[in-house]
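Presented below is the structure to which this report refers.
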Amino acid sequence: MEVSEKAYDEIVDLFARGSSTRQILGFRPSEETQGRARYLLDRSRSAQLSEQEAAELDRFGQLEHMMQLVKARARSYVDATQ
């Protein structure tokens, strides 16, 4: 399984467990996922990405964007209840 696919699984598991708003706000990808994303970003900066790596980096970007939106919404819920 590709690391970017594992990243999807980590997010799906977060929601499938019925995580609280605070758990969602505290979510961080696994060290393996973070390491792979850093590796791909470094290769991208030096223009060494293969087509497959570029697609994987794009998937990481999509996941990051989605989680930013989820966390922003979660923060607004926390702020509204305080």
Side-chain angles (χ1 to χ4, degrees):
M1 173 185 298
E2 231 177 55
V3 176
S4 62
E5 292 173 5
K6 184 177 179 211
Y8 276 99
D9 284 344
E10 292 171 2
I11 292 169
V12 168
D13 287 344
L14 174 73
F15 292 109
R17 286 190 306 264
S19 299
S20 71
T21 302
R22 295 209 184 275
Q23 288 170 317
I24 290 168
L25 290 171
F27 173 79
R28 301 276 302 163
S30 68
E31 288 296 322
E32 180 184 15
T33 298
Q34 291 179 51
R36 180 65 178 171
R38 280 192 298 272
Y39 170 78
L40 292 172
L41 286 169
D42 288 344
R43 286 185 54 84
S44 177
R45 287 184 195 108
S46 61
Q48 296 178 349
L49 278 180
S50 69
E51 190 174 313
Q52 182 178 351
E53 289 172 329
E56 186 179 2
L57 183 58
D58 185 57
R59 285 190 295 276
F60 277 125
Q62 292 170 5
L63 285 172
E64 175 64 22
H65 179 71
M66 181 189 69
M67 285 308 297
Q68 287 175 356
L69 293 173
V70 168
K71 287 182 176 190
R73 183 74 52 92
R75 267 188 227 95
S76 71
Y77 292 143
V78 168
D79 292 344
T81 61
Q82 291 181 359

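Atoms considered below: every heavy atom in the structure, side chains included; atoms not considered: hydrogens, waters and symmetry mates.
Note on residues 24-33: pairs passing side chain to side chain donor-acceptor pair (under 3.5 Å), not counting sequence neighbours, are Lys6-Glu32, Glu10-Ser30, Glu10-Thr33, Arg28-Gln34, Ser30-Thr33.
Considering OH of Tyr39 and CG of Leu49, their distance stands at 8.5 Å, rounded to 0.5 Å. Taking CD1 of Ile11 as the reference point, atom CD1 of Ile24 lies at 11.0 Å (rounded to 0.5 Å). The CG atom of Leu40 sits 11.5 Å away from the CZ atom of Arg38 when rounded to the nearest 0.5 Å.
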Under 3.5 Å, which donor-acceptor pairs do the side chains of residues 72-79 form with other protein atoms, sequence neighbours left out?
residue : atom : partner : partner atom : Å
Ser76   : OG   : Arg73   : O            : 2.6

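Clustering ILVMFWY residues whenever any of their side-chain heavy atoms sit less than 4.5 angstrom apart, transitively, puts Val70 in the very cluster that holds Tyr8. Hydrophobic cluster membership differs between Leu25 and Phe15, with clusters built from Ile, Leu, Val, Met, Phe, Trp and Tyr side chains linked at under 4.5 angstrom. Linking ILVMFWY side-chain heavy atoms closer than 4.5 Å, directly or via other members, places Phe27 and Leu63 in a single hydrophobic cluster.
Lys71 places no side-chain N or O within 3.5 Å of a backbone atom of Gly26 that could act as its donor or acceptor partner. Not one N or O on the side chain of Arg36 forms a donor-acceptor pair closer than 3.5 Å with the backbone of Val3.
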Apply salt bridge (charged side-chain N to carboxylate O under 4.0 Å, His left out) to Glu5 and Arg59, showing your working.
-> CA-CA 9 Å; Glu5 292 173 5; Arg59 285 190 295 276; 5.8 Å; no

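Heavy atoms only, all atoms of each residue included: Asp42 and Arg45 are closest at OD1-NH1, 2.8 Å.
Other residues, nucleotides and ligands contribute over 12 non-hydrogen atoms within 6.0 Å of the CD atom of Gln68.
Residues Gln52 and Glu56 bring no donor and acceptor atom of their side chains to less than 3.5 Å of each other.
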